[in-house]
Every structure is written in structure tokens, then in C-alpha cells.
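Here's the structure we're looking at; comments come further down.
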Amino acid sequence: MGKLIVCDHPLIQHKLSILRDIKTGAKDFRELVTEITMLMGYEVTRDMPLEEIEIETPMGKAKAHSISGKKVGIVPILRAGLGMVDGFLNLIPAAKVGHIGMYRDPETFNPVSYYCKMPDDVASRQIIIVDPMLATGGSACDAIAELKSMGVNSIKLANLISAPEGIKKVQEEHPDVDIYVAAVDECLNEHKYIIPGLGDAGDRLFGTK
Ligand code: PRP
Ligand code: URA
């Protein structure tokens, strides 16, 4: 089964509380999503392999370390996942970004896929799927399946707020994918919104409601 890593650093918890607050407007919401993503990025990238290199400092030759292994691809699930892209790009500026467009059908709550554009070399990359909300897990599972159908075999999932139902679904359907979250909330309501959650992440990011 894939690991669940809860990134509960005090700074993340503090910023998450402001993010959830109904009084937090779109500008602050966007900034907080970027800040929390960067803090989570520290954990998401913790197992990146290093290689030993030799460098020359003003004091002479020295052994040092450089990131090696697979190149990284960041894949936001549109729309809300876009909010987490800058946080990762601040840490890994050379990463490429692929986009998956998906929305939840308001009646069935099943994800509907409407867009997919990946870098040509996506199959050889370490992919990090980003989306602030993991609710039923339907969108994340479909996004993972879509990437696997393109030959991707190294996928991590990073969400800010998750529900137990979504975690269970991803772990059952994609046991090879580790999940990084900032919080595991209580449950889903009858509209499949996370409780307490933060409401509609896309609307809060882009001010559409
Ligand atoms: C939200 C969120 C996830 C999805 C999570 O997107 O950003 O993609 O719901 O729900 P799930 O785990 O039950 O699939 P939404 O459908 O609201 O689209 P938007 O980002 O375009 O607003
Ligand atoms: N999508 C959101 O934006 N929020 C939720 O709570 C669930 C799905």
C-alpha cells in the first residue's frame, strides 16, 4: 500500500487555519496555497537521490552533492491544482508542467476529463500530481490512471486537505502512489465536500463565487 505522509509542521498547520477561514480573500488564499505547497515540498522531495560531485571552492577542491535521478514533472489537476504549481516550481525550477483538466459532475460527483497536455518525455519523469483537495478520490485516481496509460511509473500525489474516503480510494486503486497531505479532515458531506475543509478550492483561488 502507498504511504500516507501527513505534513503537519507547525507553520503548515498555522497557514492552513488561515486558508480555511471564510474571511480569507482570493489574494491571500493564493499566497497561502503557494507557501504551504513550498513547505510540503520539503517532504515530497525528501527521498530525491543525490550523487557525489567534485566542485572547486575558493579554498580548493571539495566533494559535494547534486540531485540526480529522474527529472521532475508537476501535474496540476485543473483548475484548483494550478494554485500549487508555483510552490513546486520555486523549489524545482527546471521541472516541466503537464496539465490534466477535470471537473466533478455536480450530480454524480464523478470526475469528467476535458483536457490533457503532457511533456513529450512524461513517461521518464518523476511525476508529482498536485490538487488542493482529495475528497472522494475520483479525480486523483482518474488522473493517476491517465498518466499510467502514458507509461508513467513514478507518481506522487500532493494535496493540501484530504478526506479519509479519498485516501482509501487512492491507496486501494493505486498502491504504488505515495500521498502527501497537510491535513486529514473528518468526512465528506452529502455533496461530497470535505468537512470542515475550506469550501470550493477553485472558486476560492480564482474568486469565481
Ligand atoms: C475539485 C478539486 C479536485 C476535486 C476533488 O475540483 O480541485 O480536483 O474537486 O474531488 P474528488 O476527490 O471527489 O474527485 P472541481 O471539480 O471543483 O473543479 P475545479 O478545480 O475546476 O473547481
Ligand atoms: N472540491 C473542493 O473544492 N472542495 C471540496 O471540499 C471537495 C471537492
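Just so you know, these numbers use all the heavy atoms, side chains as well, and skip hydrogens, waters and symmetry mates. Order of appearance sets the numbers: ligands from 1, and atoms from 1 within every ligand.
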**Request:** Would you mind finding which of Gly83, Pro111, Ser139, Gly137 brings a heavy atom closest to atom 12 (O) of ligand 1?
**Result:** Gly137
**Asked** What residues come within 4.0 Å of ligand 2, counting heavy atoms only?
**Response** Arg104, Met133, Ala135, Lys192, Tyr193, Ile194, Gly199, Asp200, Ala201
**Message:** Is it true that, when you exclude Leu11 itself, more than 12 heavy atoms of the residues, nucleotides or ligands shown sit nearer than 6.0 Å to its CG?
**Reply:** yes
**Request:** Flag this pair as yes if the NZ/CZ of Arg79 is under 6.0 angstrom from the six-membered ring centre of Tyr115 and inside a 45 degree cone about the axis; otherwise no.
**Result:** no
**Complete:** Taken in chain and number order and not counting sequence neighbours, the residues that satisfy side-chain hydrogen bond (donor to acceptor under 3.5 Å, both in side chains) with Lys70 are Asn153, Ser154
**Asked** Relative to ligand 1, is Thr136 under 4.0 angstrom through side chain, backbone, both or neither, heavy atoms considered?
**Response** both
For ligand 1, which atoms have a heavy atom of [X] less than 4.0 angstrom away?
| X | result |
| --- | --- |
| Tyr103 | 16 (O) |
| Asp131 | 2 (C), 3 (C), 7 (O), 8 (O) |
| Ala80 | 7 (O), 20 (O) |

Nearest protein heavy-atom contact for [atom]: which residue, which atom, what distance?
| atom | result |
| --- | --- |
| atom 18 (O) of ligand 1 | Met102 O, 4.0 Å |
| atom 22 (O) of ligand 1 | Arg79 NH2, 2.9 Å |
| atom 17 (O) of ligand 1 | Asp200 OD2, 3.9 Å |
| atom 16 (O) of ligand 1 | Arg104 N, 2.9 Å |

**Asked** Quick one: does Phe109 get within less than 4.0 Å of ligand 1, heavy atoms only?
**Response** no
**Prompt:** Contact between Met133 and ligand 1, counting heavy atoms under 4.0 Å?
**Reply:** yes
**Request:** Report yes or no: do Lys148 and His174 form a side-chain donor-acceptor pair below 3.5 Å?
**Result:** yes
**Asked** Do Thr34 and Asp86 have a side chain donor and acceptor closer than 3.5 Å?
**Response** no
**Request:** Evaluate the side-chain proximity of His65 to Glu51: yes if any heavy-atom separation is below 4.5 Å, no if none is.
**Result:** no
**Message:** Is there a side-chain contact between Val184 and Pro164 in this structure, where contact means two heavy atoms from C-beta onward sitting under 4.5 Å apart?
**Reply:** yes
Considering only NZ, NE, NH1 and NH2 on the basic side and carboxylate oxygens on the acidic side, decide whether [X] and [Y] come within less than 4.0 Å.
| X | Y | answer |
| --- | --- | --- |
| Asp28 | Lys15 | no |
| Arg125 | Asp121 | yes |
| Lys169 | Glu165 | no |

**Criterion side-chain contact (heavy atoms from CB on, under 4.5 Å) on Leu157 and Asp178, from CA distance to verdict** = CA-CA 6 Å; Leu157 173 66; Asp178 290 342; over 6 Å; no
**Asked** Does the protein put a heavy atom less than 4.0 Å from atom 6 (O) of ligand 1?
**Response** no
**Request:** To the nearest 0.5 angstrom, please state how far the CD1 atom of Ile195 sits from the CD atom of Glu186.
**Result:** 8.5 Å
